[in-house]
Asks: 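Sharing a structure with you now.
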Number of protein chains: 2
Amino acid sequence: MKKYLKILKKCPLFAEIEDDSLLRMLTCLGAKVEEFDKKYTILAEGYPATYIGIVLSGSVQIVQVDYDGNRSILSELSAPDVFAEAFACAEVRALPVSVIANEPSQIMLIDCNHILHTCENNCGFHQQLIFNLMKDLATKTILFHQRIEVTSKRTTREKLLTYLSMQAKKANSHSFEIPFDRQELADYLEVDRSGLSAEIGKLKKEGVLDSQKNRFVLY
Amino acid sequence: MKKYLKILKKCPLFAEIEDDSLLRMLTCLGAKVEEFDKKYTILAEGYPATYIGIVLSGSVQIVQVDYDGNRSILSELSAPDVFAEAFACAEVRALPVSVIANEPSQIMLIDCNHILHTCENNCGFHQQLIFNLMKDLATKTILFHQRIEVTSKRTTREKLLTYLSMQAKKANSHSFEIPFDRQELADYLEVDRSGLSAEIGKLKKEGVLDSQKNRFVLY
DNA sequence: TCCTTTTTGTTGAAAATTCAACAGACTTTC
DNA sequence: GAAAGTCTGTTGAATTTTCAACAAAAAGGA
C-alpha cells in the first residue's frame with residue numbers, strides 16, 4: 001500500500017490522517033487495490049452498491065444506460081477522485097450507473113460497511129474518516145444545490161449572470177476566474193455553447209461584464 | 001423532550017433508535033427546542049453553519065437573497081423535515097440561505113459538532129445517528145444527481161420522458177403515480193407549466209403515454 | 001516557425017419555449 | 001348546494017434557444 005500513499009494523501013477522504021495511521025487503517029478496512037484494463041467494468045449497473053472507489057492512476061468513466069438503450073457518459077474521473085460513495089452510503093440495492101476503466105487504471109476499493117460501522121479496535125482515525133466522508137457528501141450536496149439554483153433560471157442570460165455573481169461572491173471580488181472553458185460552462189449551465197458565446201458578447205457590449213478566457217469582471 | 005418523541009420518531013435522522021435511547025441521546029447532544037413566531041429568523045444568512053434543524057411543528061421557509069436583492073423561496077418544510085444539515089456537515093463559514101418561520105413553529109436545534117465528534121460516553125446510538133445522517137446526505141446527493149440528469153435534457157419532451165421512465169423503473173411498472181401536480185412537475189423539470197401540459201397532450205395523442213392526474217402509464 | 005488541432009465567436013434559419021389570457025374541471029368552504 | 005378559489009389544458013404571439021456551418025483565434029506538436 002505504501003506506494004499509493006502519495007496519491008492517497010491528496011484525497012480529501014483521508015485528510016488530516018497521518019501516513020502510518022492511514023496505512024494501518026487501510027488494512028483494518030480491508031482496502032484492496034485492483035488493476036483494470038481499458039474498457040473493463042469496475043462496478044456494474046444493477047449490482048448492490050457496497051464499495052467506495054478511489055482512482056489511484058488512470059481514469060474511469062461513470063456510464064449510464066438510457067431508457068432507450070443509449071449509453072451516456074455522466075462524468076470522467078482521475079486520481080485521486082472518489083466514486084460511488086453516495087450510492088454506497090445510501091445503501092442502494094442496485095447501482096444506477098456502471099464505472100468503466102477509461103485506460104489501464106489502478107483502483108482502490110473499500111467496502112463502505114467497514115467505514116460506517118467502526119471496528120472494535122476503535123481507532124481514532126476511523127472517526128476522522130467518517131467525518132471526512134460526511135464532509136465529502138455534504139459538499140457535493142451543496143454544489144448540486146447551487147447548480148440547480150443556477151440552471152433553474154429560464155434564460156441563458158439569467159443562468160450566466162446567476163453563476164457569475166456566485167463566483168464573484170465566492171472570490172469576494174468583481175474579478176475572478178472560473179474553472180470551465182466555454183463548452184464546459186455551457187454544459188454546466190445547460191445551454192447551447194454558441195448561444196452562450198453570443199450572450200457573453202452581448203453583455204460585454206452592454207458594459208455589464210468583461211472577460212478574456214476564463215477571467216471575468218462583473219461591473 | 002418526551003412530548004416530541006412521536007414526531008421525532010418519524011424523522012429519518014433517528015431511525016432505528018429506541019425511545020429511551022433517543023431521549024438520553026438528545027440530552028447528550030445538547031439538543032434544544034425553540035419556538036419561533038411567524039416571520040422570525042431561525043438561522044440567518046451569513047452566520048456560520050453549526051446547527052442542524054428539525055421542524056417539530058409549524059413550517060419554515062428556506063430563503064435566499066438574490067444577487068440583485070430579490071428574496072426567493074427555495075423550499076418550504078414541515079415536520080419532521082431536517083434542514084441545514086449539509087451546510088453544518090460541510091462546515092461552511094457563512095450560511096448562503098436564511099431559514100424563516102412560516103407560521104408559529106417549534107424547532108429542534110442540534111449543534112452538528114456534537115453529532116460528528118462522538119462523546120466520551122460513546123453511546124452506541126450515536127453511531128447509528130451518524131449513520132443516519134450520512135444516509136440522509138447520500139440520499140440527497142443521489143436525488144440531486146437524478147434531477148440534474150433530467151433537467152440537462154434540452155426539450156420539455158425529453159425532460160418529461162426521462163423523468164417518467166425513471167419513475168416507471170423505480171415503480172417497476174408501466175403504470176405509476178408521481179408526487180407532483182402539474183405546476184410542481186414543471187418546476188422540477190424546469191419548464192413552463194403550460195408547455196408541459198401541451199407536451200403531455202401531444203404524447204397522449206401519439207400513444208406514447210396516458211395519464212389522469214398524477215397517474216401515468218408509459219407504453 | 002509552421003502546421004494541425006482545438007476552442008471560441010458569429011450568423012441566420014428552424015424549432016422550441018415562454019408568456020399571458022382564458023375556459024372548463026375540480027376542490028374547498030361556508 | 002352555491003360560490004370562490006385552485007388546477008389544468010389550450011391557444012397564439014413574442015421571445016429565446018438550438019442547430020449547423022463557418023471563420024478567426026488560440027494552443028499544441030513537430
Side-chain angles (χ1 to χ4, degrees), chain A residues 59 70 72-73 76 78 102 147-164 167 176-218, chain B residues 59 66 70 72-73 76 78 102-103 147-164 167 176-218:
Chain A
S59 62
N70 304 326
S72 66
I73 298 165
E76 201 169 309
S78 56
N102 193 37
R147 177 161 168 193
I148 288 174
E149 194 190 328
V150 170
T151 59
S152 67
K153 309 283 174 179
R154 290 302 162 75
T155 63
T156 300
R157 166 180 286 241
E158 272 189 299
K159 288 180 186 182
L160 177 61
L161 286 176
T162 304
Y163 173 71
L164 291 178
Q167 296 305 305
F176 53 91
E177 286 189 357
I178 66 171
F180 298 132
D181 64 24
R182 289 290 182 276
Q183 181 61 62
E184 289 168 333
L185 179 57
D187 288 343
Y188 181 87
L189 300 179
E190 298 176 356
V191 299
D192 180 68
R193 182 197 58 78
S194 69
L196 172 62
S197 274
E199 197 62 49
I200 291 174
K202 254 195 234 170
L203 287 164
K204 276 187 188 174
K205 257 188 204 160
E206 294 174 25
V208 179
L209 57 77
D210 206 349
S211 78
Q212 36 192 346
K213 291 206 210 171
N214 304 356
R215 175 157 288 281
F216 284 79
V217 184
L218 221 48
Chain B
S59 61
D66 224 67
N70 304 326
S72 65
I73 298 166
E76 203 168 308
S78 56
N102 193 37
E103 57 187 301
R147 178 162 168 192
I148 288 175
E149 194 191 326
V150 169
T151 58
S152 68
K153 308 282 175 182
R154 290 302 162 73
T155 62
T156 299
R157 166 180 286 240
E158 273 189 298
K159 288 180 187 181
L160 177 61
L161 286 176
T162 304
Y163 173 71
L164 291 179
Q167 296 305 305
F176 52 91
E177 285 189 359
I178 65 171
F180 298 131
D181 64 25
R182 289 290 181 275
Q183 182 61 61
E184 289 169 333
L185 179 57
D187 288 343
Y188 182 88
L189 300 179
E190 298 175 358
V191 298
D192 181 67
R193 182 197 59 77
S194 69
L196 173 62
S197 275
E199 198 61 51
I200 292 174
K202 255 194 232 169
L203 287 165
K204 275 187 190 173
K205 257 187 203 162
E206 294 174 25
V208 178
L209 57 76
D210 207 350
S211 79
Q212 36 192 346
K213 290 207 207 174
N214 303 358
R215 175 157 288 280
F216 284 79
V217 184
L218 221 49

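Naming convention: chains lettered A, B, ... in sequence-line order (proteins, then strands); numbering from 1 in each chain. As a basis for the values below, the full set of heavy atoms in this structure was taken, side chains included, without hydrogen atoms, waters or symmetry mates.
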Asks: For a 4.0 angstrom threshold against heavy atoms of chain A, report the outermost contacting nucleotides of DNA chain C in 5' to 3' order.
Replies: C/dT8 to C/dT18
Asks: Give me the residues of residues 180-214 of chain B where at least one heavy atom lies under 4.0 Å from an atom of DNA chain D, by number, or none.
Replies: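 Per residue number, the list reads B/Asp181, B/Arg182, B/Gln183, B/Arg193, B/Ser194, B/Ser197.
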Asks: If the condition is side-chain hydrogen bond (donor to acceptor under 3.5 Å, both in side chains), which residues does B/Glu206 pass it with, not counting sequence neighbours?
Replies: B/Arg157
Asks: Any heavy-atom pair between the side chains of A/Glu199 and A/Val191 that's under 4.5 Å?
Replies: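 Heavy-atom side-chain distance check fails, nothing below 4.5 Å.
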Asks: For a quick test of reading the model, state the closest non-hydrogen atom pair linking B/Gln167 to B/Ile178 and the distance between them.
Replies: CG-CG2, 4.3 Å
Asks: Evaluate the side-chain proximity of B/Lys159 to B/Leu196: yes if any heavy-atom separation is below 4.5 Å, no if none is.
Replies: no
Asks: Over the length of the helix from C/dT1-D/dA30 to C/dC30-D/dG1, how much do the five-pair end axes diverge, rounded to 10 degrees?
Replies: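 Its terminal axes enclose an angle near 60°.
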Asks: Name all residues meeting the side-chain contact (heavy atoms from CB on, under 4.5 Å) criterion together with A/Asp181; count only those two or more places apart in sequence or in a different chain, and write none if there are none.
Replies: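 With neighbours one apart ignored, the set is A/Gln183, A/Glu184.
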Asks: Name the residue from B/Thr155, B/Thr156, B/Val208 that meets the side-chain contact (heavy atoms from CB on, under 4.5 Å) definition with B/Leu161.
Replies: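 Testing B/Leu161 for a side-chain contact (heavy atoms from CB on, under 4.5 Å) against B/Thr155, B/Thr156, B/Val208 leaves exactly one candidate, B/Val208.
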Asks: Run the ring-ring contact (aromatic ring centres under 6.0 Å, His included) test against A/Phe176 and tell me which residues pass, sequence neighbours left out.
Replies: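 Scan of A/Phe176 (ring-ring contact (aromatic ring centres under 6.0 Å, His included), adjacent residues dropped) gives none.
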Asks: Using a 4.5 Å cut-off on heavy atoms from C-beta on, say whether the side chain of B/Arg147 contacts that of A/Arg147.
Replies: no
Asks: Are the side chains of B/Leu185 and B/Leu160 in contact, using a 4.5 Å heavy-atom criterion?
Replies: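 Yes. Closest side-chain heavy atoms under 4.5 Å.
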Asks: What are the two closest non-hydrogen atoms of B/Glu76 and B/Asn102, and how far apart are they?
Replies: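 Taking every non-hydrogen atom into account, OE2-ND2, 3.0 Å.
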